[in-house]
Amino acid sequence: MRPNRVTLYEVGPRDGLQAETAMVSTADKIALIDRLSATGLSYIEAASFVSPKWVPQMGDAAEVMAGIQRSVQYPVLTPNLKGYEGALAAGADIVAIFGAASESFSQKNINCSIAESLNRFAPVCDAARRDGVYVRGYVSCVIGCPYEGKIAPQAVADVAEGLLDMGCYEISLGDTIGVGTPADVAKLLDVISARISSDKLAVHFHDTYGQALANILTSLDYGIATIDSSVGGLGGCPYAPGASGNVATEDVLYMLNGMNIETGVDLDKIIEAAWFISDVLGRPPRSKVALAMRPTSP
Ligand code: HMG
Ligand code: MG
């Protein structure tokens, strides 16, 4: 059941940098993505084509996409057709639509109900199908919501199935505020895996309460083989107060290497990228592994 190969889906340049209060320059974002492209990662979520009034940190998405050296896949977030058109013009091959299992979070994050969000995503999926663009689907608040508390696994499964039905190739299950424990994850995946095959699922853990690695281990035992993570443990969500960074790519990689699970990703190069962006931000990385394995100057 536990996979022997895992795909790491890097979200640092998007989920990470969207939550930083400091505005990172376009040049530094491009430099980070170019460094990550040389690590063996296959997916690097590069930007969001969202309203710059809502998330100013992602306002330079087109410039970032134009500036990077492309060698792997660079998905971008698109909440609606306007965002999709921007992403298409920027040459994105994969876009991600993002819904939630919590009504309150949906309202706060994308200013509409869950049902309205699915109505907005459908034309994005139709256009993507026409244009040969792949669509990833996110479901946020799969365990807890900052406004509503506990979320029922059935509510998560309903939204996830809605996104798959409209054409998403994969659903990323997001513990947006990082409240889940392995027991919560097992309860969730018992329900989800009865309805959706594990090869269509990814997990996306924020590490607010230090549970992310344990939750990933639990997810591996359900056969899930795509893990979202963020270099240096960057991250959060502007509409989820208190949410800390995503689980750090280097922490996940250290664990998978130790378990002999293949990723194709070079740990030293990820750590170098973690220190690069942390130096830009003027603070140390949030991950244990980057602190333990700080690169020495040449
Ligand atoms: P709205 O205000 O309801 O949108 O926002 P609207 O359609 O009424 O348009 C209002 C204005 O926004 C108009 O401009 C539109 O042109 C503009 P104005 O006429 O006022 O000058 N607009 C846009 N501009 C640029 N790009 C667009 C776009 N769409 C409309 N795509 C909207 C609705 C969805 C746009 C807004 O709520 C929004 O941008 N939200 C994004 C929030 C966000 O990015 N959150 C973080 C990502 S989700 C996350 O982090 C969770 C995740 O990591 C998983 C997990 O952890 O669980 C994925
Ligand atoms: Mg997130």
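Both ligands and their constituent atoms are indexed starting at 1 by order of listing. Quantities reported herein were computed from a predicted structural model and do not represent experimental measurements.
In terms of polar-atom proximity, His204 is counted as a contact of ligand 1, with an N or O under 3.5 Å from an N or O of the ligand. Geometrically, ligand 1 and Tyr138 share no nitrogen or oxygen pair separated by less than 3.5 Å.
Nearest residue to atom 16 (O) of ligand 1 from Arg120, Glu85, Lys82, Lys108 is Lys82 (criterion: closest heavy atom). In this structure, of Ser117, Ala19, Ser51, the residue bringing a heavy atom nearest to atom 39 (O) of ligand 1 is Ser51. Between the choices Ser140, Gly174, Gly235, the shortest heavy-atom distance to atom 54 (C) of ligand 1 belongs to Ser140.
Contacts between Val142 and ligand 1 below 4.0 angstrom, taking non-hydrogen atoms only, are absent altogether. Counting heavy atoms closer than 4.0 Å to ligand 1, residue Thr176 contributes atoms from both its backbone and its side chain.
Taking the centre and axis of the six-membered ring of Tyr138, the NZ or CZ atom of Arg136 falls inside the cone set by 45° and 6.0 Å. At least one test fails for Arg129 against the ring of Tyr84: distance under 6.0 Å to the centre or angle within 45° of the axis. Taking the ring centre of Tyr169 as origin, the terminal cationic atom of Lys200 falls outside the region bounded by 6.0 Å and 45° from the ring axis.
When the Mg ion (ligand 2) is compared with the N/O/S atoms of His206, atom NE2 turns out nearest. Distances from the Mg ion (ligand 2) to each N, O or S atom of Asp15 single out OD2 as the nearest.
Salt-bridge formation is detected for the pair Lys150/Asp184: a Lys NZ or Arg NE/NH1/NH2 atom is positioned less than 4.0 Å from an Asp or Glu carboxylate oxygen. Taking the charged nitrogens against the carboxylate oxygens, Glu20 and Arg283 do have a contact shorter than 4.0 Å, which makes a salt bridge. Salt bridge Asp158/Arg195: present, at least one basic N to carboxylate O contact under 4.0 Å. Salt-bridge check for Lys29 with Asp60: passed, with a basic side-chain N closer than 4.0 Å to an acidic carboxylate O.
The line from CD1 of Ile110 to CZ of Phe105 is 8.5 Å long, rounded to the nearest 0.5 Å.
When each of Leu77, Ile33, Val76 is checked for a side chain to side chain contact (heavy atoms under 4.5 Å, CB included) with Glu45, only Leu77 meets the rule.
Two residues are said to be in side-chain contact when any heavy atoms from C-beta on lie closer than 4.5 Å; Ser219 and Leu189 meet this criterion.
Of all atoms in ligand 1, listed by their number and element, those nearer than 4.0 Å to a heavy atom of Lys53 are 18 (P), 20 (O), 21 (O). Every atom of ligand 1 is numbered from 1 in the order shown, and the set under 4.0 Å from a heavy atom of Gly83 is 31 (N). Of all the atoms in ligand 1, the ones that sit under 4.0 Å from a non-hydrogen atom of Asn111 are 1 (P), 2 (O), 3 (O). Within ligand 1, counting atoms from 1 as listed, the ones closer than 4.0 Å to a heavy atom of Val50 are 25 (C), 26 (N), 27 (C), 31 (N), 39 (O), 41 (C), 44 (O). The atoms of ligand 1 that sit less than 4.0 Å from any heavy atom of Phe49 are 26 (N), 27 (C), 31 (N). Near Leu77, the atoms of ligand 1 lying under 4.0 angstrom from a non-hydrogen atom of the residue are 47 (C). Ligand-side atoms of ligand 1 in range of His206: 56 (O), range being under 4.0 angstrom from any heavy atom. Short contacts between ligand 1 and Asp15, defined as distances under 4.0 Å to a heavy atom of the residue, involve ligand atoms 50 (O), 53 (O).
In this structure, Pro52 has a heavy atom closer than 4.0 Å to ligand 1. Within the 4.0 Å heavy-atom cutoff, Arg14 counts among the residues contacting ligand 1.
Closest heavy-atom contact between Ala46 and Tyr74: CB-CB, 4.2 Å.
In Phe276, the CZ atom is crowded: over 12 heavy atoms of neighbouring residues, nucleotides or ligands sit closer than 6.0 Å.
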